[in-house]
2 protein chains.
Amino acid sequence: MSGTFVIAQGGGPTAVINQTLAGAVTAIRERHPKARILGARHGVRGLRDGSLADLTALSAADLARLARTPGAALGSTRDKPDAAYCEAVLKGLRAAGADAFIYIGGNDTAGTQLILANASGGSIACVHAPKPIDTDLVENDHTPGFITAAEFVAGAFAGADLDFRSLPGIYVGIVMGRHAGFLTAASAAWRMNADSAPHLVYVPERAFERGRFIGAVRAALARHRRCIVAMSEGVADAEGRSLVEGLIPPEQLERDPHGNVRLSGTDLGQAVERMLADDLPGVRARVDTLGYLPRSHAGVINATDQQEAFAAGEFAVAAAEGGSFSVALQYDGESTRPARIPLEAVAGKTRHMPDDFLMADQDQVSDACIAYLSRLLPPKPDFAAPFV
Amino acid sequence: MSGTFVIAQGGGPTAVINQTLAGAVTAIRERHPKARILGARHGVRGLRDGSLADLTALSAADLARLARTPGAALGSTRDKPDAAYCEAVLKGLRAAGADAFIYIGGNDTAGTQLILANASGGSIACVHAPKPIDTDLVENDHTPGFITAAEFVAGAFAGADLDFRSLPGIYVGIVMGRHAGFLTAASAAWRMNADSAPHLVYVPERAFERGRFIGAVRAALARHRRCIVAMSEGVADAEGRSLVEGLIPPEQLERDPHGNVRLSGTDLGQAVERMLADDLPGVRARVDTLGYLPRSHAGVINATDQQEAFAAGEFAVAAAEGGSFSVALQYDGESTRPARIPLEAVAGKTRHMPDDFLMADQDQVSDACIAYLSRLLPPKPDFAAPFV
């Protein structure tokens, strides 16, 4: 495989997706010193449109700088190619002389690679490297980007708890995650003790019910004199209808090209704020949408996450030597290592939180969930208990 | 002054307000080894209600832990005492046997100290130590808590820029600050070059006009293929009416006990989102409310800020030996030092951004503003320029 490697990035950018890119470039140089390395701009769109950057001659200093830079340096895309689009992408890959295509992204990206692998008839190694911050890929213990985003969320809620202990009230922090609640659960990673926030955790894996929510907030206020709530943007009712859909007039709902209701806006925050004002009038209540900050804030980037993301990129190159695969970060009880997985096993599938990560009788995460988070995140800060 | 020091914390908590508390405790022990040290819970409310914590015997380890803990460990209050309330507070101070009262807070807190100093007829040294994250106190170069919050904001916008360079669109980040735009201006501290975000900055010091805003967003999109906007929650029109008041139906407006419109909710974010959807339909636009994160996130706490906050607390003790004063952080052209200022000079006054911190013809901060921020903040991260 001394020919040409093409690399691209898809879906939401993360703090470490460029580490995976840099890891792949590094491994290609080591293992295939004569290979040409091309980056497709804005994912498969760059292959369709013939927009490629030549990365072959990047200096070591530029590569190191690229690795530590958040965001997708090649640009990204939300396009989910159909068969005709894939045909155009394949044409682009052939025009570039690609022997291997490494596409860094989520389960849609794995799906694209599966289509391309089949369509190329094995002539191009199509490898998927993992990326989602909400760690919703099956076969993975967690995915690159998750640890950084989780550390941000843990710090946000540990801080909000101390803030609201000073000036009591209700705080709701809304966290990214359409189908999987891992990132919202990370709000509990740095709880100091049984009095600590978050007092309530709402994730897409459990049906949300307004009456139960308000009752739980009331009970937490009585017990803790404040109530800190972590809520996934993808929270839904028992019928699977997202909270946003239930609260916003249909004509105001924004949908993406795939018909998914937009969750990342302020709609949910606004709706929760109104719900609290209606049902708990006179109680100070504040809602913040953490939005893009956990995946993009330039000041919180986890070193383990960076190393794992880089290693996943390196491993993707080795995997490509054997054909088309998905790279998964797996935990063997002692350490996390990248592994080679059939694309079929990952493509289009969504991983949810294990049922035992949530308490049965409370809107709260379990000790098993805390143990998982503690294994991944830095130790909680050693903060003093307030005098109030 | 071997008697009793009382310390309290007022207004919004910050990442370093406990440093000031710890600095004061440390200085009292050094300068007045026999003094008793009491903390009033929830500011003047604790003095009115007789709720005090004895801090005299805090261990060195506990004091160090307290110092690095965000939030107001003594609890805080938004009460602005009138004359009768102040009489009750004074009674509380006398009951505690206070020789000095150090109150850490903003310009309202300085106002309370001024009333108490006059009412006590000089028998109790009433010292105000500075705290606001939006650095809106006159006589101060900046206030403790600002550097931390500004660093958080700088990192948020540097990261959002890279995120939106990957997936183009409009991003609006709403930043705390009712009257002063320093914290919103900090969004520009880590701009890499002329293409970098924020492309537009809106602060309370300049009248906001919807048509001009939409035109500027359109121009930025054409020029940069994305538009990152930093907006103060206190942005107002030419008549001084806050943007929230202009956009939200009056019956939905929430007001605090002082009649101030609540700015920290999601109302403004929602309103801006609707404005963009109406005037720039079809363009991807996202609004995040940074809310409490800049002042409370447990993972971003600036070391210089910690040191300056601690020093302000130490200095407040020395100031109290001379009577009633406000402590201000002043810059002499080489270094920042605490100084003793008459309470009258600070109480109830609001510092705004200097006019030359904003460009005359663009919705953008000036080089003078960047120079000010660069003096205070850590150097910008050395990130790579993306390939798109």
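Basis for what follows: all heavy atoms, side chains included, without hydrogens, waters or symmetry-related copies. A note on names: the letters A, B, ... follow the listed sequences, proteins ahead of strands, and every chain is numbered from 1.
- At a 4.5 Å heavy-atom cutoff, A:Leu63 makes no contact with chain B through either its backbone or its side chain.
- The line from CE of B:Met231 to OG of B:Ser187 is 11.5 Å long, rounded to the nearest 0.5 Å.
- Of all the listed residues (A:Gly299, A:Gly75, A:Ala67), the one sharing the greatest number of non-hydrogen pairs under 4.5 Å with chain B is A:Gly75.
- By number of non-hydrogen pairs under 4.5 angstrom with chain B, the leading residue of A:Leu162, A:Val300, A:Asn18, A:Leu167 is A:Leu167.
- For chain B, no part of A:Ile17 is nearby; none of its heavy atoms comes within less than 4.5 Å.
- Within the 4.5 angstrom heavy-atom criterion, atoms from both the backbone and the side chain of A:Phe152 approach chain B.
- Interface residue A:Arg225: only side-chain heavy atoms are found under 4.5 Å from chain B.
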Take B:Asp108 and B:Arg78 through the test salt bridge (charged side-chain N to carboxylate O under 4.0 Å, His left out) and record every step on the way to the result.
CA-CA 9 Å; B:Asp108 289 337; B:Arg78 293 256 176 227; over 6 Å; no

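- With a 4.5 Å cut-off on non-hydrogen atoms, A:Pro168 touches chain B through its side chain but not through its backbone.
- Residue contact with chain B, scored on non-hydrogen atoms closer than 4.5 Å, involves the backbone of A:Thr77 exclusively.
- Residue B:Ile174 is tested with B:Asp288, B:Val287, B:Val229 for a side-chain contact (heavy atoms from CB on, under 4.5 Å); the sole match is B:Val287.
- A heavy-atom distance below 4.5 Å is not found between the side chains of B:Arg65 and A:Phe383.
- B:Thr56 and B:Asp54 share a side-chain donor-acceptor pair at under 3.5 Å.
- Cation-pi geometry between B:Arg284 and B:Phe164 is satisfied (NZ or CZ under 6.0 Å from the ring centre, within 45° of the ring normal).
- For B:Arg165, the part lying near chain A is the backbone, with the side chain staying farther off; criterion is any non-hydrogen pair under 4.5 Å.
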